[in-house]
Amino acid sequence: MMDTRQQGRSAALLLPPRHLLLLKRFLLLLLLPWHLLLAVLNKYAHSLGLSTQWNFMDVFSLDKELLDMLPKPVACLLFIYPITEKSEAAPIGEKLPASTEGVYFMKQTVSNACGTVALLHAIANKRDQLQIEKDSTLDKFFAKTKDSTPEERAKIMETDEVQSRLKFIAKLLSSGASGSVSGGVGGARRRDATGLNTAHESAATEGQTSAPDRESRTNLHYIALLNRGGKILEFDGRRDGPVSHGDTNESNFLADSATVVQKFMARQSDDLNFSIVALAKGESPF
């Protein structure tokens, strides 16, 4: 007689491959507070100046029916995938220079801040569509770094001093959050006047019992996918510039991005550690 675990494995094998991602997400929801992590991400982004009309929400499946359920418009996708030898040995897409016209690109220099960098890439490159609060942390950061190099933007995110710091920390404290400024290279304490590092660590603290140290290692990585100039562009702070994944438009962005994501997943078909988050105008239907 087949035991419960064997029955579960047999049932999973009977599912069409396109439904396995949905099954995985459903099981994760039963075991992990993923919806709480997204709530923290939204609180983080809104506290930085993103309009509360825009929210990050889970993408349960790449099936067209479920993608169509997401509120529109969708400004971008955040894609979380494992960095492995396979992913590093077989890059996908066409590399573009950081100086590509109409593109805002920055490097990642803070360990384990790939989610923050992906979020900044997404919002910076869709500022014409998103509503950013005037004089907010984001508004000041993008104004300050408008003409900076990718390396300078990373440095400013980590160390810049602007007048919004005290206001931003007060906003976090008033909502029950608490932030800290960690030691930098060699133990030297860095100033975090933009509030971006503080927000990164504060949000991470809310999402788990104990936030990992910035220098701790993880192989799960965030990138941003968005439509810029009629192209699906990938933004990854580890790279030297954006990566193009072909043509798209606003109406087909989700379907075209799903095709790109499927290429990432096919490259690492023996791994199920993938997640997708959409930045859309409205509330999650799930």
Side-chain angles (χ1 to χ4, degrees), residues 15-42 44-45 50 54-84 87 92-93 114-123 125-126 130 203 207 218-228 232-238 242-243 245-246 248 250-286:
L15 286 174
R18 64 177 184 166
H19 292 307
L20 290 179
L21 180 62
L22 179 58
L23 174 62
K24 177 224 172 189
R25 174 60 63 233
F26 175 73
L27 293 175
L28 282 177
L29 282 173
L30 294 179
L31 299 174
L32 297 173
W34 178 253
H35 61 290
L36 295 180
L37 297 180
L38 289 180
V40 170
L41 178 59
N42 282 320
Y44 170 36
L50 178 68
W54 290 84
N55 289 282
F56 292 94
M57 56 196 68
D58 203 2
V59 177
F60 278 77
S61 170
L62 299 178
D63 284 350
K64 183 179 184 303
E65 294 80 4
L66 287 175
L67 289 178
D68 288 343
M69 290 176 64
L70 292 171
K72 306 297 187 296
V74 173
C76 78
L77 296 181
L78 299 184
F79 179 47
I80 304 97
Y81 73 97
I83 296 177
T84 65
S87 68
I92 298 171
C114 57
T116 298
V117 173
L119 182 148
L120 291 173
H121 274 139
I123 297 176
N125 285 285
K126 302 300 286 188
L130 304 172
T218 178
N219 71 328
L220 290 179
H221 187 61
Y222 282 75
I223 60 174
L225 295 173
L226 54 91
N227 173 19
R228 195 68 179 166
I232 295 181
L233 296 187
E234 169 195 338
F235 290 83
D236 181 346
R238 299 183 309 134
V243 175
H245 292 283
T248 192
E250 289 300 322
S251 60
N252 293 326
F253 169 68
L254 269 179
D256 293 337
S257 295
T259 300
V260 174
V261 168
Q262 286 170 337
K263 291 180 181 179
F264 275 79
M265 296 175 68
R267 181 180 61 184
Q268 296 160 267
S269 57
D270 56 344
D271 201 321
L272 290 178
N273 292 312
F274 301 94
S275 294
I276 311 165
V277 175
L279 175 57
K281 191 172 186 179
E283 301 289 337
S284 172
F286 303 110

Roughly how far, to the nearest 0.5 Å, is CE of M265 from CG of N273? 10.5 Å
Not counting sequence neighbours, which residues clear side-chain hydrogen bond (donor to acceptor under 3.5 Å, both in side chains) with N125? List them please. none
Minimal heavy-atom distance between G237 and H121, with the atoms involved, is N-CE1, 4.1 Å
Rounded to the nearest 0.5 Å, the CG atom of N227 sits from the NZ atom of K126 at a distance of 5.0 Å
Interatomic distance, I92 atom CD1 to H245 atom NE2 [nearest 0.5 angstrom]: 7.0 Å
Taking salt bridge (charged side-chain N to carboxylate O under 4.0 Å, His left out) as the test, write out the residues that go with D236, two or more places apart. R238, R239
Residues which pass side-chain hydrogen bond (donor to acceptor under 3.5 Å, both in side chains) with T248, listed by chain and number, not counting sequence neighbours: D256
Working to the nearest 0.5 angstrom, can you tell me the gap between L279 CG and L119 CG? 8.0 Å
If you measure from CG on D58 to OG on S284, what distance do you get to the nearest 0.5 Å? 7.0 Å
Contact summary for E234 and F264, nearest pair of heavy atoms: OE1-CZ, 3.6 Å
Show me the pairs that pass side chain to side chain donor-acceptor pair (under 3.5 Å) and involve residues 258-269, at least two apart or across chains. T84-Q268
Look only at the side chain of S257 and the backbone of F253, and say whether a donor-acceptor pair between them is shorter than 3.5 Å. yes
With a cut-off of 3.5 Å and sequence neighbours excluded, list every side-chain donor-acceptor pair involving residues 71-81.
| residue | atom | partner | partner atom | Å |
| --- | --- | --- | --- | --- |
| K72 | NZ | L67 | O | 3.4 |
| K72 | NZ | D68 | O | 3.3 |
| K72 | NZ | L70 | O | 2.7 |

Quick one: ring pair (Phe, Tyr, Trp, His ring centres under 6.0 Å) partners of F56, sequence neighbours excluded? none
